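Bear in mind that the values here come from a model prediction, so they are computed numbers and not experimental data.
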Amino acid sequence: MTAAADSSFNKDLLMPCPILKPNESEFADPIGYLARKDVAELAAKYGILKIVPPKDWKPPRSLSPNFKFHVRKQDLNDLGLVNRSRKFFQDNINRFWKMRRKKQLPLYFTVDGNSEKIYYYDLYIDVKNRGGWRNITRADWSEINHKYHQPSYATDIENEYEKNILYYEKYLTSHFGDTGEFPESDSEDERDNCLICNKNDHPDQTLLCDHCDNPFHTYCLKVPLQSIPSGKWYCDKCLIGTGEYGFDEDLDHDYDLPEFYQKCLEFDTNFATEYNNGNPLTVDLIEEKFWSFVTSENSNIQVLYGADIHNLKPGEISGFPMKNTPNLDLKSSLNQYYINHPWNLTRLPFAKGSLLNYINTAISGMTIPWIYIGSLLSTFCWHVEDHYTLSANYCHFGATKKWYGIPSSHADKFETLMKTISPDLFKKQPDLLHQITTLLSPMRIVGDGIPCTYADQNPGEFIVTYPRVYHAGFNCGFNFNEAVNFTMDDWLPFGEMAIEEYKITKKPNVFSHYELLENIMKRFNRQTGLISKSTIDLVQRSLKQYEGFIDKQRSLLFRINKTSFSLEYKPVIERILTEEEKLYGVNEEYEEDDKLCDGCKTHLCYQYCVIGNGNQNDSSSQKPSEQLPTPSSNLSPSASGNVDEIKPEEEDKKEVIHIHDDDDSATCMMDEFDKVINEAKKRATSEEPNEESNKRRRSSRRRSSSHKPIYSIDYLSAATKVKKAPSSPVGHKMNTRGSGGRMMMKSKPKQEKKPTQIRLCLECVVKKYDDDDYENVPPNSKLIYEKHLNNLEAFILETKRSLEKVG
């Protein structure tokens, strides 16, 4: 299926999401219900499920009047993988040609007698997939001609390639080969120093890149220059490109709900006028327009999204009632019911049956909800949840949220498709699918034989995604949602899979998978009385994964030359989270830094190395006999810490919005939401009409070479205002030859940074130092033991004996 098929949207090719309506008993046990065989079978087939609560379940939604949030700007045209890949390539190759004072290439070309667009990027990939310019054959060109509906003997496409792409590809091959690693600038303050040697000398021989403004000595370049070039000059990084992309966050303005709704209302009205003759917008129409904007080359639509809002003040954490919600009547039995209900998303991660009960940390965005304030066409891009956990998303009020999901059984095919479409982008950004910045039309996905599910989430409904289910979607207007993660027993294999796959892309771990397994088994070893078969099965599977990890640690320790390290015993103080910590996070006084490997970003667990910088004397480093105690029967030291209860701040003890349902004593579910809307409407009508208010609400932006808009249009405001985006800092520089290359002026020399210590897991240590290279381990490097292998093996043996007793 070609990329052109992205443009026409046909919902009939997608699978409708199952809609489940549990009764009150089933709804009272979320994990048990979602793990039930019949429900799990639906999830395996469709990936996502819609859960409609019992009709009487209408929790009061409680928000502080102080609740405010930032928004991110989303350019729909940039989010499509196909468009972004083509535009990035166009930018990079045009910098290359600009250095040589050649004409700039458009996105595509056509062949005489055929109106079909042939994109330069697509042609570049076609040749790369056939071995590159060195290996491509006449038969390969015949295949390419056939793809673009040309006679097999034609040479027009080949000539276009040789004229406009070949020289650039030769340059990339000769300069970079298969690598694309470039020196990085740590911060804006480091821009005075050459990025290669990190020195600040010879300003007359220091050249500034005309795109990123980073400085380089002419003699430090891969191909040294004898003098400052007379024309434009770009560094290697800007010629090949990094594929980096992210959303701009508007940190200059905090929105409250009425203000943001007013902006949304203005945009919705203008959008309906332009695209639907002023008639009300339907979900189907919005869906069709959304994907046309994403796949179009020049849609120029920019939208705002209040995404990943993680305020931690009382009344701002969640739309559900909580114990610390200001002015909430805690004596009310109804309020207490909803505060403690397991489908309250502040409670779901720790509901009965969720394995997140076994982690010793509160995680914002995983165990503590994040809030999402949507506007028309604002989007969440394709992604899976951290550690391949399940997720639950609840719509409190507002417009429909549109969802798409890929069943986990097709996750590998989906990833392969994405990488096939843009292999070079994934080579530069291996973790691209974890960045949540990329879309691909469901039409392209199903056209490749991958099933895709869709769902329409309305107020009062949950959407649940199962492990390793890729999902994406967009909002059909202003709405208020929140989301959280949880797990079930069947998640364990996905959790271990995530750890291994994260190592490839160096995605940071959020928690320690193997400490979670350890805690499952510890609780089992202490358990008395009747033990269920499901619990025994969970422990057996946990033990198998855990034992495999410890065996691997033992093998890695055997391969490490321990004479190159001083050994240090550093026991971890283990603590069980309090109820308050689960809900509101860990007090900063007790919160530890993320203990991640600086190499693969996996969680450091039990044994790891600290590689010294060789410049410091560490008197605490001791020999193994001085530092490591004899392993004892004590499996691990433990302690408990007390954290002060988090109390509402006095300034938050004001009127709070309660949206709830009762027959006579409570307002209707949407009453308070209507108040928000009415307040926004009053604000809008009280303002003077603006003469430009009837203009199109599209962002007519132009791009700089970095794909960031040089003009920013606030499309949601009543008056269209054009604001120049801030220019990037350029440091001390001057033009030496008119429009030619730029060299750096002399500034105060900076002291070189000393290399810092790094922490590495055992696997990364073994990869870094092979059997003959341990003599290169820097002085003051340590091998850290949090737990000795003998203790861990004793714990495994204890668990096996406990299983035998109940077997």
Side-chain angles (χ1 to χ4, degrees), residues 17 50-53 57-65 67-72 74 255-272 280-287 289-290 303-309 311 315-321 343-345 369-380 391-403 454-463 472-484 656-661 667-684 716:
C17 167
K50 179 157 79 169
I51 308 296
V52 179
W57 196 82
K58 298 174 182 178
R61 279 158 289 278
S62 304
L63 287 174
S64 167
F67 177 76
K68 291 188 176 183
F69 54 95
H70 298 303
V71 297
R72 62 181 50 158
Q74 297 180 324
Y255 288 90
D256 59 24
L257 286 174
E259 179 186 13
F260 190 65
Y261 174 77
Q262 178 182 329
K263 288 184 172 291
C264 292
L265 182 63
E266 293 162 0
F267 178 69
D268 294 356
T269 301
N270 285 287
F271 187 88
L281 300 170
T282 65
V283 172
D284 287 346
L285 174 67
I286 294 170
E287 181 175 43
K289 291 298 181 184
F290 174 82
V303 296
L304 305 181
Y305 194 14
D308 300 342
I309 301 168
N311 299 349
E316 300 183 22
I317 297 172
S318 167
F320 287 100
W343 273 106
N344 179 325
L345 292 192
W370 278 359
I371 291 173
Y372 299 84
I373 313 295
S375 66
L376 180 61
L377 305 180
S378 59
T379 182
F380 54 105
S391 73
N393 184 294
Y394 183 73
C395 181
H396 285 279
F397 54 74
T400 298
K401 182 184 287 285
K402 194 81 183 186
W403 291 75
Y454 76 88
D456 295 344
Q457 182 190 18
N458 298 305
E461 297 175 345
F462 291 91
I463 293 290
F474 64 91
N475 300 295
C476 295
F478 174 71
N479 56 20
F480 184 106
N481 287 54
E482 66 178 275
V484 81
V656 61
I657 300 174
H658 295 296
I659 307 175
H660 55 88
D661 298 272
T667 58
C668 176
M669 171 181 172
M670 301 300 292
D671 280 356
E672 292 295 337
F673 174 54
D674 290 340
K675 291 180 182 178
V676 171
I677 306 309
N678 291 332
E679 183 179 344
K681 289 179 178 178
K682 289 178 181 178
R683 292 186 190 182
L716 289 171

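Side chain of E482 to backbone of G319: a donor-acceptor contact under 3.5 angstrom is found. Not one N or O on the side chain of D308 forms a donor-acceptor pair closer than 3.5 Å with the backbone of W370. Formation of a donor-acceptor pair under 3.5 Å by the S375 side chain with backbone atoms of L304 is found in this model. Counting only distance, with no hydrogens or angles, the side chain of N479 and the backbone of A399 share a donor-acceptor pair below 3.5 Å. Side-chain atoms of Q74 come within 3.5 Å of backbone atoms of T379 as a donor-acceptor pair (strictly under, hydrogens ignored).
Closest approach of G460 to Y394, counting heavy atoms only: CA-OH, 3.3 Å. Minimum interatomic distance between W343 and A392 (heavy atoms only, all atoms of both residues): CZ3-CB, 4.5 Å. Closest approach of L376 and V303 over heavy atoms only: O-CG1, 3.6 Å. The two residues L285 and L281 come nearest to each other via the heavy atoms CD2-CD2, 3.8 Å. Across Q457 and C395, no two heavy atoms sit closer than the pair NE2-N, 3.3 Å. The minimum heavy-atom distance linking P321 with P60 is given by the pair CD-O, 2.9 Å.
The residue from V52, N393, I51 that alone fulfils the side-chain contact (heavy atoms from CB on, under 4.5 Å) condition with F462 is I51.
The closest side-chain heavy-atom distance from L63 to L257 is below 4.5 Å. Contact annotation: the side chain of Y255 approaches that of K263 to within less than 4.5 Å [non-hydrogen atoms, C-beta and beyond]. Inter-residue side-chain proximity for F69 and E316 is flagged as unmet; no heavy-atom pair is nearer than 4.5 Å.
Every residue meeting the ring-ring contact (aromatic ring centres under 6.0 Å, His included) condition with F290, not counting sequence neighbours, appears here in chain and number order: F474. Taking E287 as the reference, K402 meet the salt bridge (Lys or Arg N to Asp or Glu O under 4.0 Å) condition, with sequence neighbours excluded.
Using cut-offs of 30° and 60° for the angle between ring planes, the F271 and F267 rings count as tilted. Classified by interplanar angle (parallel below 30°, tilted 30° to 60°, perpendicular above 60°), the ring pair F478/F397 is tilted.
Remark: aromatic rings of F380 and Y372 are distant, center separation not under 6.0 Å.
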